[in-house]
Amino acid sequence: MSQISHYPAAPFGDWDGSPAAARAMQLTLAAQVRLQDDFPALRLIAGVDVGFEDGGTVTRAAAVLLDADTLELVGSSLARIPTNMPYVPGLLSFRELPAVLQALAELPAVPDLIFSDGHGIAHPRRLGIAAHLGVVTGLPTIGVAKKLLTGEHDELDLQRGARVALRDKKTGDVIGCVLRSKDKVRPLIISPGNRVSLATAPELVMRYVTRYRLPEPTRLADRLASRREEKAASRRLAALR
DNA sequence: GCGACAG
DNA sequence: ATCTTGTCGC
């Protein structure tokens, strides 16, 4: 049977808006995360990230769709919606997920795997934005974070490909991996979101890392979400004046 | 009580 | 995340 995946407009069910209710909801959703590898042959992969405009009043999500073999850009989309919640460590998905889902819905096709900026299960309640996204869409997801949120790990070698396990400081459970995507750059924190195993997540990330610290899906989404192009261009003109 | 704290 | 110039190191 084929599983119909879609992008719910209201990924929070009957949430009353309170942080306490959000945390309780995370525990319920975290129980639905699947950590076994369960994804089809990769043909189309997506990358999603969020940026803000107008001092933070507007949330801007970007989604890019790439050919999994050639990394050719197949499509992209942008969603801009009013920001409805402040940033609260541990509750990032409640602030960014609505815009992300809207951007994904506007892509020309449903991806076989989604790379999301932020953490997967490497989260206090095991439901970072990548895991939340995976549960509400039913799609395979991987969290690619640039900073640690929770957990501890040993030092890791400085060459590209080096990695060490990230474990829960309290239980010792492995919740992700600290991965050096390029020689001597700050490592990325990789954790499964849904339908991808702890062992496979870093492998897939390295598969899509080219010459930059971030894997292509996330890197391209980041450029669109944060308008790297536009800002750089306007800066050059300002300096030329 | 104190420190930590994705984007 | 965002505001921002030059600068040190590979």
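Worth knowing before you read on, the calculation uses all heavy atoms, side chains too, and leaves out hydrogens, waters and symmetry mates. Sequence lines set the chain letters: A, B, ... in the order given, protein chains first and strands last, and positions in each chain run from 1. It should be emphasised that the depicted structure is a prediction, and the values quoted were computed from it without experimental measurement.
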Can you give the donor-acceptor pairs under 3.5 Å from side chains of residues 19-31 of chain A to other protein atoms, not counting sequence neighbours?
residue, atom, partner, partner atom, Å
A:Gln26, OE1, A:Arg125, NE, 2.5
A:Gln26, OE1, A:Arg125, NH2, 2.9
A:Gln26, NE2, A:Gly90, O, 2.8

Enumerate, atom names and distances included, each donor-acceptor pair closer than 3.5 Å involving a side-chain atom of residues 147-155 of chain A, sequence neighbours excluded.
none

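Around the NZ atom of A:Lys170, the shell of radius 6.0 Å holds no more than 12 heavy atoms that belong to other residues, nucleotides or ligands.
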Please write out each protein N/O paired with an N/O of nucleotides 1-7 of chain C under 3.5 Å, distance rounded to 0.1 Å.
residue, atom, partner, partner atom, Å
C:dT2, OP1, A:Phe52, N, 3.4
C:dT2, OP2, A:Ser226, OG, 3.3
C:dC3, OP2, A:Lys231, NZ, 3.3

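Every residue was checked against the salt bridge (Lys or Arg N to Asp or Glu O under 4.0 Å) condition with A:Glu72, not counting sequence neighbours, and none meets it. The salt bridge (Lys or Arg N to Asp or Glu O under 4.0 Å) check on A:Asp38 picks up A:Arg195, with sequence neighbours excluded. Scanning for salt bridge (Lys or Arg N to Asp or Glu O under 4.0 Å) contacts around A:Arg126 gives A:Asp168, with sequence neighbours left out. Residues passing the side chain to side chain donor-acceptor pair (under 3.5 Å) test with A:His132 are A:Ser93, sequence neighbours excluded.
Judged by distance alone, with hydrogens and angles left aside, the side-chain atoms of A:Asn194 form no donor-acceptor pair with the main-chain N or O of A:Val33 at under 3.5 Å. Side chain of A:Arg180 to backbone of A:Leu156: a donor-acceptor contact under 3.5 angstrom is found.
Among the heavy atoms of the strands lying under 4.0 Å from A:Leu91 is at least one base atom, whether or not backbone atoms are also near. No engagement by A:Ile189 is indicated, since no non-hydrogen atom pair under 4.0 Å with the nucleic acid exists.
Remark: of the listed residues A:Lys146, A:Arg219, A:Arg223, A:Lys146 is the sole one forming a salt bridge (charged side-chain N to carboxylate O under 4.0 Å, His left out) with A:Asp117.
Contact check of residues 77-90 of chain A against DNA chain B (heavy atom, cut-off under 4.0 Å) returns A:Tyr87, A:Pro89, A:Gly90. For the segment residues 154-187 of chain A, no residue has any heavy atom less than 4.0 angstrom from an atom of DNA chain B.
Here the closest non-hydrogen pair linking A:Pro11 and A:Val136 is O-CG1, 3.9 Å. Heavy-atom minimum distance, A:Pro40 versus A:Asp112: CG-OD1, 3.6 Å.
Here B:dG7 presents its P atom at 10 Å from CD1 of A:Ile129, a figure rounded to the nearest Å. Protein atom CZ of A:Phe115 is 19 Å distant from nucleotide atom C1' of B:dG7, rounded to whole Å. Whole-Å rounding puts the A:His119 NE2 to B:dA6 C1' distance at 5 Å. Residue A:Glu152 contributes atom CD, which lies 13 Å from atom P of B:dC5 at whole-angstrom precision.
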Taking Watson-Crick and G-U wobble contacts under 3.5 angstrom, with | marking pairs to another strand and [ ] crossing pairs, the secondary structure of DNA chain B is written .......

Parsed dot-bracket for DNA chain C after applying the Watson-Crick and G-U rules with both distances under 3.5 Å and | for other-strand partners is ..........

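Side chains of A:Thr210 and A:Glu216: a donor on one and an acceptor on the other come within 3.5 Å. Under the 3.5 Å distance criterion, with hydrogens and angles disregarded, a donor-acceptor pair is assigned to the side chains of A:Thr200 and A:Asp37.
Electrostatic pairing of A:Glu203 and A:Arg163 counts as a salt bridge here, judged by a charged N lying under 4.0 Å from a carboxylate O.
For the side-chain hydrogen bond (donor to acceptor under 3.5 Å, both in side chains) condition, the pairs that include at least one residue of residues 39-66 of chain A, sequence neighbours left out, are A:Glu53-A:Arg60, A:Glu53-A:Arg80, A:Asp54-A:Thr57, A:Thr59-A:Thr83.
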